[in-house]
Amino acid sequence: MMVGLVDCNNFYVSCERLFQPQLRGRPVVVLSNNDGCAVARSEEAKQLGVKMGAPWHLHRAAWKQAGVTVRSSNYALYGDLSNRVMSILRMLTPGIEVYSIDEAFIDFGGMGGREEQVARELRATILQWTGIPVSIGIVPTKTLAKVANRSAKKVPVSGGVRVLLTDEVQQQVLSKLEVEDIWGVATRLGRRLRALGIATAADMRNAAPEALRKEGGVVLERIGRELRGERCLQLDDATRSAKSIMASRSFGRPVTERSELEQAVASFVSRAAEKLRRQHLTAGTVTTFIHTSPFRPTDRQYGASALVRLCVASSNTPKLIQAALQALREIYRPGFRYVKAGILLDAFEPAGEEQTHLWAGGDSENERGLMATMDRVNRIWGRGTLNMAACGVRNGWSMRAEHLSPRYTTRWQDLLHVA
DNA sequence: TCTGGGGTCCTAGGACCC
DNA sequence: TCTGGGGTCCTAGGACCC
């Protein structure tokens, strides 16, 4: 089984260059929303030492001096070009999981050794049809695909495609990779791993899974196994709906008044609610969060969030705003200089208005169906609203129903017992 | 003066139960 | 001196991703 990772090179910069060819060959930086910091850099800018996330206001002068061209981001454009790249992949490959705006995992199974050839054709087609250069890494697991892709970018002779098949080649590439450069390992986990003497990706591949689990839980164990070529993360081509929808903004200046936070929160909610409705989803809870600036170490720091559960799931803006403001009242403390606030909706597909029953299918020894149904019940109708469980059997059907006390209605075990 | 915004998944620990 | 033990459920927050 082979998986490929297609990644657009310096995606936002590549998009800008499509419409401004004079930017080719020059150092270019694309800035985040409020022109806050660098979110994309051309190769030339990287070579000048421009770091990801570097705040513009601190480097403005230096970048200008070095001849760096700066662009504000244009997400509508990037989204459009992303869709074009993804449709080409969807058209020309057997399976695709869109992972982010500029990346997709591809099912490269069943190609019997032609993977590299296919990848090169894919790459050429995308370049020709969209003008966006991509890199492709091909290997047995997703985590290795990230490594291979990186290698495809770094090694010029690879021509943008890298296949890492044998243990020897994998070992060789991994031994040159710092542990923090592994997908899923960043500063914190890196620090803990180094304390154990694990400094490179090769060290991690050779580490005992039990040791990794002890240090960083199942997540770290999975990464280690994936580096060995053991598949733990599946290609997920289901088009899942969003599980949460967030809206937040930095204020750009300190805010202290509650009323100002209330206005901001209300506008966040209406943005998120619009998004929610556009995706035909509904929300069961609203979380509001606020915090002070970690970049002002002399300020007293405070951050908090609170979750409010709706009685009935809703995508109605006023109702959601009401909940968000209630949450804000719980966490607001006067006397702090807030620089950021936001709200989070938990999103899911609504039951039809007429729907009064949810059914779990499956055989009697399989509890998963029931658990999944309970999950839906909890999210759609809220906790404590279910008051009956029934078990139906087809073919010579029989049925029994019992009332449950609200306290227990969310526990699938209790329902299983009744059923 | 000015440091993004939008996500996912996992887990520690408190509340509660018998 | 020492204050049960085994369990579930939920949420806030951590860590990571692009």
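Below, chain A is the first sequence line, B the second, and so on; all start at residue 1. Small disclaimer: the values here were computed from a predicted structure and weren't measured. What's counted below: heavy atoms across the whole structure, side chains too, no hydrogens, waters or symmetry copies.
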- prompt: Yes or no on salt bridge (charged side-chain N to carboxylate O under 4.0 Å, His left out) for A:Arg329 and A:Glu262, after CA distance, side-chain angles and deciding distance?
  reply: CA-CA 9 Å; A:Arg329 276 196 295 278; A:Glu262 284 173 346; 5.3 Å; no

task: Look at the side chain of A:Ala186 and decide which nucleotide, out of B:dT1, B:dG7, C:dC16, has an atom nearest to it.
output: C:dC16

message: If I take atom CZ in residue A:Arg249 and atom P in nucleotide B:dC2, what distance separates them, rounded to the nearest angstrom?
response: 18 Å

message: Less than 4.0 angstrom between a side-chain N/O of A:Asn33 and OP1 or OP2 of B:dG6, yes or no?
response: no

Spacing between A:Arg253 atom CZ and B:dT3 atom P, to the nearest angstrom: 12 Å

message: The criterion is side chain to side chain donor-acceptor pair (under 3.5 Å); which residues satisfy it with A:Arg150, sequence neighbours excluded?
response: A:Asp181

- prompt: Under 4.0 Å: is that the gap between some side-chain N or O of A:Ser100 and OP1 or OP2 of B:dG7?
  reply: no

- prompt: From the list C:dC16, B:dT3, B:dG6, which nucleotide is the closest neighbour of the side chain of A:Arg188?
  reply: C:dC16

task: Could you please name the option among B:dT8, B:dC10, C:dC17 that lies closest to any side-chain atom of A:Lys243?
output: B:dT8

message: Less than 4.0 angstrom between a side-chain N/O of A:Arg213 and OP1 or OP2 of B:dT11, yes or no?
response: no

- line: Comparing nearest nucleotides in DNA chain B, the 5'-proximal residue of the pair A:Gly217, A:Arg271 is A:Arg271

query: How do A:Val218 and A:Ser32 order along DNA chain B: which one's closest nucleotide is nearer the 5' end?
result: A:Ser32

statement: Of the candidates C:dC10, C:dG13, C:dC18, the side chain of A:Arg309 sits closest to C:dC10

query: Where the side chain of A:Glu103 is defined as all heavy atoms beyond and including C-beta, which of C:dC18, B:dG7, B:dC2 is the nearest nucleotide?
result: C:dC18

query: Of the options A:Leu144, A:Val3, A:Thr143, which is the one that meets A:Arg231 in a side chain to side chain contact (heavy atoms under 4.5 Å, CB included)?
result: A:Val3

- prompt: Hey, does A:Arg222 reach any base, or is it just sugar-phosphate, or nothing, if we go heavy atoms under 4.0 Å?
  reply: sugar-phosphate

message: Testing the 3.5 Å rule here: is there a donor-acceptor pair between the side chains of A:Ser42 and A:Glu44?
response: yes

task: Return the value, rounded to whole Å, for the distance between atom CG of A:Leu220 and atom C1' of C:dA15.
output: 11 Å

- prompt: Quick one: A:His291 NE2 to C:dA12 P, roughly how many Å, whole number?
  reply: 16 Å

- prompt: Looking at B:dT3, C:dC16, C:dC18, which one has an atom nearest to any side-chain atom of A:Asp102?
  reply: C:dC18

- prompt: Among side-chain atoms of A:Glu16 and A:Tyr78, is any donor-acceptor pair under 3.5 angstrom?
  reply: yes

- prompt: Counting side-chain heavy atoms from C-beta on, which of B:dC10, B:dC2, C:dC16 comes nearest to A:Leu189?
  reply: C:dC16

query: Can any side-chain N or O of A:Asn10 pair as donor or acceptor with the backbone N or O of A:Val13 at less than 3.5 Å?
result: no

query: Who pairs with A:His291 by ring pair (Phe, Tyr, Trp, His ring centres under 6.0 Å), at least two apart in sequence or on another chain?
result: none

- prompt: Could you give the CH2-to-P distance, from A:Trp63 to B:dC2, as a whole number of Å?
  reply: 17 Å

query: Side chain of A:Ser305: nearest nucleotide among B:dT3, C:dG13, C:dT11?
result: C:dG13

query: Looking for any heavy atom pair under 4.0 Å, which part of the strands does A:Tyr99 touch: base, sugar-phosphate only, or nothing?
result: sugar-phosphate

query: At under 4.0 Å, does any side-chain N or O of A:Ser244 touch on OP1 or OP2 of B:dT8?
result: yes

field: N-O pairing of A:Glu226 and A:Lys146 below 4.0 Å
entry: no

statement: Atom CD1 of A:Ile182 and atom P of C:dC16 are separated, to the nearest Å, by 12 Å

task: Could you please name the option among B:dG4, B:dT3, B:dG7 that lies closest to any side-chain atom of A:Lys275?
output: B:dG7

- line: Intra- and inter-strand pairing of DNA chain B, written as dot-bracket with Watson-Crick and G-U pairs under 3.5 Å and | for the latter, reads ....||||||||||||||

Between B:dG6 (C1') and A:Phe289 (CZ): distance, integer Å: 10 Å

query: Using atom P of each nucleotide, how far apart are C:dC17 and B:dT3 to the nearest Å?
result: 24 Å

message: Using a 4.0 Å heavy-atom cut-off, does A:Lys51 contact any base of the nucleic acid, only the sugar-phosphate backbone, or nothing at all?
response: nothing

- request: Answer yes when A:Arg271 and A:Glu274 have at least one side-chain N-carboxylate O distance shorter than 4.0 Å, and no when they do not.
  value: no

field: Contact under 4.0 Å: A:Ser250 side-chain N or O vs B:dG4 OP1/OP2
entry: yes

Side-chain N or O of A:Lys146 closer than 4.0 Å to phosphate OP1/OP2 of C:dC18: yes

task: Take atom CG of A:Asp35 and atom P of B:dG4, then tell me their distance rounded to the nearest Å.
output: 12 Å

